[in-house]
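These notes are about the structure you will find just below.
Keep in mind that this is a model prediction, so the values were computed, not measured.
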There are 2 protein chains.
Amino acid sequence: MLNERSLSPQQDCEDCPIRHRAVCARCETDELRKLEEIKFYRRFEAGSHVIWCGDRMDFVGSVISGIGTLTQTLEDGRTQMVGLLLPSDFIGRPGRDEAAYDVIATTDLVMCCFRKKPFESMLAKTPHIAHRLLEMTLDELDAARDWMIVLGRKSAREKIASLLSIIARRDASLHMRRIEGPLAFDLPLTREAMADYLGLTLETVSRQISALKRDGVIELEGKRHVTVPDMARLMEEAGDDADGGMLV
Amino acid sequence: MLNERSLSPQQDCEDCPIRHRAVCARCETDELRKLEEIKFYRRFEAGSHVIWCGDRMDFVGSVISGIGTLTQTLEDGRTQMVGLLLPSDFIGRPGRDEAAYDVIATTDLVMCCFRKKPFESMLAKTPHIAHRLLEMTLDELDAARDWMIVLGRKSAREKIASLLSIIARRDASLHMRRIEGPLAFDLPLTREAMADYLGLTLETVSRQISALKRDGVIELEGKRHVTVPDMARLMEEAGDDADGGMLV
DNA sequence: CGATCCGTTGAAAGATCTCAACTCCCGTGG
DNA sequence: CCACGGGAGTTGAGATCTTTCAACGGATCG
């Protein structure tokens, strides 16, 4: 791949920012050391493909920093985002050779990778990894299912509010902020990417964001910086004040 | 639960119809014997709730026969089906106590159940089960993601064609038929359940089924028996002649 | 400066939903 | 035996929502 470079210094796993959430979260020191031996870092530039759908996958790995998307495409070009990749999320499926989706770096992305074969044999020998991977996969399945009701049953306005509340809550949890009081964050996605996530057109996304702004549900500085004065109001607009689950 | 009875005779695992596809598929004879000691069968009548969303779950298990649905509901009553449960599918999430979705028996349903605690300790001690469960969960995740593009990007007609082609292929694989030539099967879902699966109203489902019939893509005898004269044509109508993945 | 990318907005077209009426089938009870 | 009622499904007409097509604004980059 052209738009990718190796990072020279191997970071120490103990100091890794995703140490406690990634697939290696449960590993003991000696297990970490074994992973350290087979890991390598890769950097992907914003906009570049990490993996092409249908290509042979010879590695798996965790997102260390940056944001990526999992995208599916129909023959006539319609696309649907089927997942957001955030730091600590895992890419690649043990036991499968071909990628089922396009993986695209939305921002610059740094990944901690393992060649597939060595990782699979570690997986077979290390229950701590296998358990954590099962747990993460179950969480992703729940998130995917929670997203289905957004795609299938929510109005455009509710879809936008749902996405904003997910991003707001994730951002709050990343920065250890409480979700009471005003929240502010940057949108990591273009209008088009939001449209692909929500099953809308980019024009509809733009209109609904304008409408939420007009109604005082959100405030905008520039195109990307969002302030939510009242999180409860936003979640009400999303159609489920209970929760919504995903990516919390 | 009122609408449920125990089945008296324990079936022998070796003769189980889902032996080779369920969570126990990889187990050796001795492992099966241990499962046999802790398993119990439950029957649910068509239309009854297997699990209520939010309830405490004290068991997990596999569908042996019949069809169930996984359903999610918004506060105002809008519902979205997030999964179809077919024979060999697994219900319940190790490590979680509360059900995240309603599980409803669409037809009479027979399940092979395990109390959660004993199953979890088996899971920890039996890599054959853990691996199979991971594999099944990854398959479900792929299926959920494949469904997202149906919900987010396909027209009503394409959605119906997608659902019919999934059911047709599953039915063909169950009866070991080739998918060349005409296929015939019964719809296991009401129009309303199809609507909940597809993110449509039941009227739209009805209209699109009528339209596909009018256009010769399908034939109908009564309301539920469908004949597909040309599977390739149906898949073309579904918008992805490549495949579509789910539930194959 | 011109090109390009991202985003906004308007107007008309198109798809799906909503509301409503009606059919068919089936089981119940008089 | 038949009337009745309910559940499932179909169809029509109008309302509503989202998309489509198109024009335009602002920022950035060579």
Nearest whole Å is fine: how far is D:dG9 P from B:Glu221 CD?
16 Å
Hey, could you give me the CG/CD distance between B:Leu151 and B:Gln80, rounded to the nearest 0.5 Å?
5.0 Å
Starting at CD of B:Glu158 and ending at C1' of C:dT16, how long is that distance when rounded to a whole Å?
14 Å
In whole angstrom, give the distance that lies between atom NZ of B:Lys159 and atom P of C:dA15.
14 Å
Contact summary for B:Glu75 and A:Asp240, nearest pair of heavy atoms:
OE1-CA, 4.0 Å
Quickly work out the B:Asp76 CG to C:dT18 P distance and round it to whole Å.
11 Å
Summarise how protein sits on nucleotides 11-30 of chain D as a single string, 5' to 3': B when a protein heavy atom is under 4.0 Å from the base, S for sugar-phosphate-only contact, - for no contact.
BBB----SBBB---------
Would B:Arg177 count as a cation-pi partner of B:Phe185, with NZ or CZ less than 6.0 Å from the six-membered ring centre and within 45° of the ring normal?
no
B:Arg191 CZ to C:dC24 P: how many Å, rounded?
16 Å
side-chain hydrogen bond (donor to acceptor under 3.5 Å, both in side chains) contacts in which one or both residues fall within residues 220-231 of chain A, not counting sequence neighbours
A:Asp186-A:His225
Quiz question: by atom type and distance under 3.5 Å, do the side chains of B:Arg169 and B:Ser165 form a donor-acceptor pair?
yes
Can you check the A:Ile209 CD1 to C:dC6 C1' distance for me, whole Å?
12 Å
Rounded to whole Å, the CZ-C1' distance (A:Arg224 to C:dG7) equals 10 Å
In whole angstroms, how far is the C1' atom of D:dT10 from the CD atom of B:Glu192?
15 Å
Salt bridge B:Arg233-B:Glu237, side-chain N to carboxylate O under 4.0 Å
yes
